[in-house]
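Just so you know, ligand 1 is whichever comes first in the structure, and atom 1 is the first atom listed for that ligand.
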Amino acid sequence: MQLTVDYRAINARETYALRHQILRPHQTLADCAYPLDDEATSYHVGAWLEQDLIGVGSLLQEAQDGTTDTNSWRIRGMAVSDTARGLGVGGHILQALIDYASRQEKPGTIWCNGRTTVQGFYEHFGFVQHGPIFNLPAIGPHVLLIKTIPGNGI
Ligand SMILES: CC(C)(COP(=O)(O)OP(=O)(O)OC[C@H]1O[C@@H](n2cnc3c(N)ncnc32)[C@H](O)[C@@H]1OP(=O)(O)O)[C@@H](O)C(=O)NCCC(=O)NCCS
């Protein structure tokens, strides 16, 4: 099926409903806000099918857990409505986030704590597993996935 989807930057608040519905239904809407959501460096992308927001993803300038290097970009809140999955929407959002990080003056690495259920999705875009699988309470098994941004000299 071919979808005519409009991808554009949105604000953090617009992501909350899909984050809640798809990623954190066991929590409140307020719990779906991430600490760095409203930072000037943060970037949120939404996929719109006419008036409906069918996908979201966020990029936050954030050091990897346990480190202090802030030349590091974190992917969070990747979520596509279940009726729109497998059609390229999530991939388009993820690529837009990667492209945004790559355009920064000093690109570094992009990372996420990815659910093992969708590890293959991130690997499809060049992310590589680092370390063992770990469990996030009430959410499930995750793995650290890292992608080096092309052009950063590494
Ligand atoms: C993960 C998610 C955002 C992917 O979005 P999507 O729109 O279904 O993905 P796409 O159709 O754009 O897939 C892009 C590519 O990744 C691949 N892919 C997607 N999900 C995959 C998976 N679970 N395992 C392996 N490959 C996968 C697709 O085959 C596609 O490859 P292709 O271009 O060769 O066809 C979506 O499945 C989702 O919202 N899942 C539930 C929430 C979730 O787990 N979010 C991630 C939290 S870390």
Nearest protein heavy atom with distance in Å, relative to [atom]:
atom	result
atom 12 (O) of ligand 1	G91 N, 2.6 Å
atom 38 (C) of ligand 1	R85 NE, 3.4 Å
atom 39 (O) of ligand 1	V80 N, 2.8 Å
atom 16 (O) of ligand 1	F121 CD1, 3.5 Å
atom 1 (C) of ligand 1	V118 CG1, 3.7 Å

Does the side chain of F127 come within less than 4.5 Å of I75's, by heavy atoms?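 Touching, per the 4.5 Å side-chain cut-off.
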
Does the side chain of T67 come within less than 4.5 Å of E62's, by heavy atoms? no

Please report the interatomic distance [atom1]([X]) to [atom2]([Y]), rounded to the nearest 0.5 Å.
X	Y	atom1	atom2	result
L59	T41	CG	OG1	8.5 Å
F125	Q95	CZ	CD	6.0 Å
W111	S72	CH2	OG	7.0 Å
I139	N113	CD1	CG	10.0 Å
Q104	I149	CD	CD1	8.0 Å
F134	L144	CZ	CG	6.5 Å

Option of least heavy-atom distance to atom 44 (O) of ligand 1 (set: Q21, H142, R115):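 Looking at heavy atoms only, the winner is R115.
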
Quick one: does [atom] have a protein heavy atom under 4.0 Å from it?
atom	result
atom 4 (C) of ligand 1	yes
atom 42 (C) of ligand 1	yes
atom 29 (O) of ligand 1	no
atom 7 (O) of ligand 1	yes

Within a distance under 4.0 Å of any heavy atom of [X], pick out the atoms of ligand 1 and give their elements.
X	value
G88	10 (P), 11 (O), 12 (O)
G86	6 (P), 7 (O), 8 (O), 11 (O)
A79	39 (O)
M78	42 (C), 43 (C), 45 (N), 46 (C)
G114	48 (S)
G90	5 (O), 6 (P), 7 (O), 12 (O)
L87	11 (O)
T117	23 (N)

Ligand 1-proximal atoms of [X], by part, heavy-atom distance under 4.0 Å:
X	answer
I22	side chain
H124	side chain
L23	side chain

For W73 and Y100, take the angle between the two ring planes, folded into 0 to 90°, and tell me which bin it lands in: parallel under 30, tilted 30 to 60, perpendicular over 60. perpendicular

If two hydrophobic side chains count as joined below 4.5 Å and joins carry through other members, does I98 share a cluster with V80? yes

Do you see a donor-acceptor pair shorter than 3.5 Å between the side chains of S58 and R74?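 No.
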
T28 and D31 side chains, donor-acceptor separation under 3.5 Å: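 Short answer, yes.
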
The test is side-chain hydrogen bond (donor to acceptor under 3.5 Å, both in side chains); show your working for E39 and Q61 and say whether it passes. CA-CA 9 Å; E39 291 295 313; Q61 188 170 19; over 6 Å; no

